[in-house]
Q: 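Before anything else, here's the structure in question.
Since we're looking at a predicted model, the values are computed, not measured. Heavy-atom basis, side chains included; hydrogens, waters and symmetry copies ignored. Sequence lines set the chain letters: A, B, ... in the order given, protein chains first and strands last, and positions in each chain run from 1.
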Amino acid sequence: MDRYTPSEIEAKWQKAWADADVFKATRDGGKPKYYVLEMFPYPSGNLHMGHVRNYTMGDVIARYKMSTGHNVLHPMGWDAFGMPAENAAMASGGHPKDWTYGNIAQMREQMKPLGLSIDWSREFATCDPEYYGQQQALFLDMLASDLVYRKNAVVNWDPVDMTVLANEQVIDGKGWRSGAEVERRELTQWFFKISDMAGELRDALEGLDNWPAKVRLMQENWIGQSRGLQFSFSLINGPDGHDGVEVYTTRPDTLLGASFVGISPDHPLAKQLEADNPDLAAFNAECRKGGTTEEALEKADKKGFDTGLRVRHPFDTSWELPVYVANFILMDYGTGAIFGCPAHDQRDFDFATKYDLPITAVYLEAEDSAPDLQEAFVPPKSDKVFYAKGFAGEPVQTGDEAVEAAIAFCEAQGVGQGKTQYRLRDWGLSRQRYWGCPIPVVHCADCGVVPEKKENLPITLPDDVSFDIPGNPLDRHPTWRDCTCPSCGKPAQRETDTMDTFVDSSWYYARFTSPQADTPTDLAEAAYWMNVDQYIGGIEHAILHLLYSRFFARAMHITGHLPASAIEPFDALFTQGMVTHEIYQTKDAKGRPVYHLPEDVTDGKLVDGTEVEIIPSAKMSKSKKNVVDPRSIVEAYGADTARWFVLSDSPPERDVEWTASGAEATSKFLGRVWRLTQEIASSEAPQNDADQGLLRDMHKAIFEVTQGVESFGFNAAIAKIYGFVNALAKSKAGAQAKREAAKTLAQLMSPMTPHLAEDMWATLGGEGLVLHAAWPVADDAMLVEDTVTLPIQINGKRRSEISVPKDMPKEEVEKLVLADKAVVKALDGGTPKKLIVVPGRIVNVVI
RNA sequence: GCCUGCGUGGUGGAAUGGUAGACACAGGGGACUUAAAAUCCCUAGGCUUAAUAGGCCGUGCCGGUUCGAGUCCGGCCGCAGGUACCA
């Protein structure tokens, strides 16, 4: 007999699909549309198993929706700007553009054999001038709509390489190449006004019913709404121009426990004092050392510097508080100044203890409780406490009530105002790098910052650049930077910052609806295809990418590029787990880590015998080289095996650790299905008693697999298919019933293993492509079992079971249970305390 | 540090609060074969037992709710993701 030869089958059916152009998406009023999108890949050059998993999942959904009568859009593109291209240019010469387009070509060639149902006519890369030119047009529209502005913000500064570093490039507070201690330095940068929409972005989360609850929760916490009071402490001995310190607090109810005022080292007051106070200048400089990440700032030792300034307490002008500069206060949040209440905040408590400041309890657990002097007393805000030093509201009230009462009181007294504040900061989009979308503005000595004219777009990147010196080549380009002012025509200079690559990925989903349009979108196409019905991608994008996309969809609506119905661009979201792998590391002569590909490591050693350090599994990433190339699997076993395997072995939302074993087994199984199909196709067995049983199994399989696919339970669906195949192989049913069952099997498998399914379908005499066959529907009547097995528990432990007709009344079940041998023995002549019968499920006898 | 998840046999994992371990991998045994490959069949959480029946233990740890907890609640431990310039 012939063998299952995936290489022939897969080539044959991919050609059939291509010849019929079956995946080309066009508007069609006759069918409901369905837009399925997987997060597009960064073109690292190698497809890895994480990609295969991601795109196979999307493909299952796309193909399933095609067979349920939908007009499906399933596009693919490349998130092509970003640092790795520049790093490659620095490391081994060449140009980021060549590197990137080379990688794209390579990955496309690796992706195509997978047989994905992608409309390749819509493909684009974000580094195509046609794409980023439209992005520049969007930027200009957003600028005109007052959604973009400039302000100062801190970056990681490498004082040796004289360049800005990404957070990733700061290792233990030091620059990755120079090893120099990194400093935080301020630069004027471009920002999107996402924080203006904080409340809206937070409230709208509630409507995202088909998003994972955890993602909504993470975004909610990220946006971080808080209610508080903003007010001013008047300065007693402030320098010129500073007669007060504006603070924001979420706990105005603790105002009578205030012990000090803290300001950020970047606070204007701190900067002014720095000029005449070398000690403070040194302190601030020390505070500015290290990276900019929240983690680094948060984990740093908390320290302060007494400025010698004093402020007056707003409720008692004779009460003075010291003003400290403190490294844990961020200029970006609130007003960059706080008051500390050590009794009810652990950080303030530690600070007060360190600097010997008073600790005054404002509230106690109850009226007669003693204040805790060992640590701050911080009960949940929803708990009732006794206010020993309250000034508004009841003596016993919750923290939430007390905060509201305190705000009302302060407002009435003219001490500040209640304010709803968000943790979410504006989105800084400036990057001091070459390989990104140029920000289309010009700096003119006379006119200031001038937007480029739309007819001059795209502002393309110059090709003649080098990466032999650190820093942004655009900054030192001899001619690109020079231009004329679009407003007055005098010589001017281009903005040399490029855009954050998150901008590129914040609207690509909209561009896919009309990828060739000479405006960012074609509104008619966008209105038809948007929203994305099912978006699929990694959980690592739960906050930034998804939040930025939600902001951008709103901005695109404001600027007329998306309909109002598309401001939440992703109707349903599925976050797949990551594919993880061990990391293999050695050290170079300077002690810096060097990573090795899994294929270069055998038994913990490199080819030359060097032992590698094995670091536990983490997300596959190119920089750590813990990636597995799917090509070897596709070449050895075929795409269907690779597809089936990545779906079968793990629940889609969970991380999966890649191991090489298992692909072999999948291949065997598909071979078995193929042979079984050949057998059935040539069988002439007559009808018989087994037919009904097989058809029941078939309908059960239809029901369960459909449910599995619809709920992203692909691994469960596959387990049911295994069960069905086992039943089919063992069945003694006649040829006709078996053929019907096998054709259904082909259909059920077609989203996962489309090539094999087409082949089975053709072998069994199916009409046309299985791709176009309507998805089978389970017959409810065939799913009903007549008798059920009821487990009998005695005191919650399974002791026996009975088989009863499905509809047997409770009373009769009880009689049978009480007559059961195990129950009789356990009762030993007594009566049960309780008899619980859950119809069709279980019985519990409580003794 | 903070936010969010996750933790079940040797392994991947299944299980609307209702028989824990479906389905599969690796393993063990067998059939076929001169032999191997391929294929097919059987077996399988741990302990106890000659074996079966039966019993006991068991879903990271400790406690709680419930007739009944892998599932719900509280507290720990470990791991992963994010932490605003990795994408």
Q: Is there a Watson-Crick or G-U wobble partner for B:rC40 with both distances under 3.5 Å, and if so, which one is it?
A: B:rG30
Q: Report yes if at least one side-chain N or O of A:Lys834 is closer than 4.0 Å to OP1 or OP2 of B:rC67; otherwise report no.
A: yes
Q: Compare the minimum distances between each of B:rA84, B:rG82, B:rG13 and the side chain of A:Arg654, then state the nucleotide with the smallest one.
A: B:rG13
Q: With distance as the sole test, does A:Asp426 use its side chain to make a donor-acceptor pair with the main-chain N or O of A:Ser195 at under 3.5 Å?
A: yes
Q: Strictly below 4.0 Å: does A:Asn795 bring a side-chain N or O up to OP1 or OP2 of B:rC67?
A: no
Q: Picking from B:rA84, B:rC57, B:rU4, which would you name as closest to the side chain of A:Lys797?
A: B:rC57
Q: Closest nucleotide of RNA chain B for A:Ser648 versus for A:Thr666: which of these residues is on the 5' side?
A: A:Ser648
Q: So which nucleotide does B:rC23 pair with, by the Watson-Crick or G-U wobble rule with both distances under 3.5 Å?
A: B:rG12
Q: Given the C1' atoms of B:rG28 and B:rG18, what is the spacing between them in whole Å?
A: 34 Å
Q: Nearest to the side chain of A:Arg798 - B:rA20, B:rA84, B:rA14?
A: B:rA20
Q: Quick check on the 6.0 Å ring-centre criterion: do A:Tyr131 and A:Trp507 meet it?
A: yes
Q: Counting side-chain heavy atoms from CB outward, which of B:rU4, B:rU83, B:rC25 is closest to A:Ala665?
A: B:rC25
Q: Between B:rG30 and B:rG9, how far is it from one P atom to the other, in whole Å?
A: 30 Å
Q: Between B:rG55 and B:rC41, how many Å separate the two P atoms, rounded to a whole number?
A: 32 Å
Q: Have a look at A:Asn715 and say if it touches a base, only the backbone sugar-phosphate, or nothing, with a 4.0 Å heavy-atom cut-off.
A: sugar-phosphate
Q: Which one is paired to B:rC56, where only Watson-Crick or G-U wobble pairs with both distances under 3.5 angstrom count?
A: B:rG46
Q: Toward the 5' end of RNA chain B, which comes first, A:Val843 or A:Asp426, by nearest nucleotide?
A: A:Val843
Q: A:Asn167 CG to B:rA87 P: how many Å, rounded?
A: 11 Å
Q: Any base atoms under 4.0 Å from A:Arg799, or only sugar-phosphate, or nothing? Heavy atoms, all strands.
A: sugar-phosphate
Q: Could you give the distance separating B:rA31 and B:rA22 at their C1' atoms, to the nearest angstrom?
A: 27 Å
Q: Does the ring center of A:Tyr722 lie less than 6.0 Å from the ring center of A:Phe669?
A: yes
Q: Do we get A:Lys193 above A:Tyr149's six-membered ring, with its NZ or CZ under 6.0 Å from the centre and within 45° of the axis?
A: yes
Q: Looking at A:Lys720, I'd like to know whether one of its side-chain N or O atoms comes within less than 4.0 Å of OP1 or OP2 on B:rA24.
A: no
Q: Measure CG/A:Leu670 against P/B:rC23 and give the value in whole Å, please.
A: 19 Å
Q: Going by purine N1 to pyrimidine N3 plus the second Watson-Crick contact, or the G-U wobble pair, all under 3.5 Å, which nucleotide sits opposite B:rG18?
A: B:rC67
Q: Pick out the pairs of N or O atoms, protein on one side and nucleotides 39-44 of chain B on the other, that lie under 3.5 Å.
A:
{"from": "B:rC40", "atom 1": "OP1", "to": "A:Arg672", "atom 2": "NE", "distance (Å)": "3.2"}

Q: Considering every strand and a 4.0 Å limit on heavy-atom distances, what is the contact class for A:His545: base, sugar-phosphate, or nothing?
A: nothing
Q: Please pick, from B:rU4, B:rU19, B:rC57, the nucleotide with the shortest atom-to-atom distance to any side-chain atom of A:Lys214.
A: B:rU4
Q: So what does A:Gly723 touch, heavy atoms closer than 4.0 Å: a base, only the sugar-phosphate, or nothing?
A: nothing
Q: What about A:Asn221: does its side chain form a donor-acceptor pair under 3.5 Å with the base of B:rC3?
A: no
Q: Under 4.0 Å, heavy atoms only, any strand: does A:Val215 hit a base, just the sugar-phosphate, or nothing?
A: nothing
Q: Under 6.0 Å between the ring centres of A:Tyr548 and A:Phe192?
A: no
Q: For B:rG7, which nucleotide is its Watson-Crick or G-U wobble mate, given both distances must be under 3.5 Å?
A: B:rC77
Q: In the structure shown, which nucleotide is the Watson-Crick or G-U wobble counterpart of B:rA51, with both distances under 3.5 Å?
A: none
Q: Categorize A:Gly224 for me: base, sugar-phosphate, or nothing, with a 4.0 angstrom heavy-atom threshold over every strand shown.
A: nothing
Q: What contact category does A:Ser505 fall into here, base, sugar-phosphate, or nothing, at under 4.0 angstrom with non-hydrogen atoms?
A: nothing
Q: Looking for any heavy atom pair under 4.0 Å, which part of the strands does A:Pro651 touch: base, sugar-phosphate only, or nothing?
A: sugar-phosphate
Q: Give, for atom CG of A:Leu790 and atom CD1 of A:Ile802, the distance between the pair rounded to the nearest 0.5 Å.
A: 5.0 Å
Q: Out of B:rA87, B:rC23, B:rU19, which has the shortest distance to the side chain of A:Tyr722?
A: B:rC23
Q: Return no unless some side-chain N or O of A:Thr293 is found under 4.0 Å from OP1 or OP2 of B:rU83.
A: no
Q: Quick one: label A:Leu547 by what it contacts on the DNA or RNA (base, sugar-phosphate, nothing), any heavy atom closer than 4.0 Å.
A: nothing
Q: Out of B:rG18, B:rA84, B:rC57, which nucleotide sits closest to the side chain of A:Ile836?
A: B:rG18
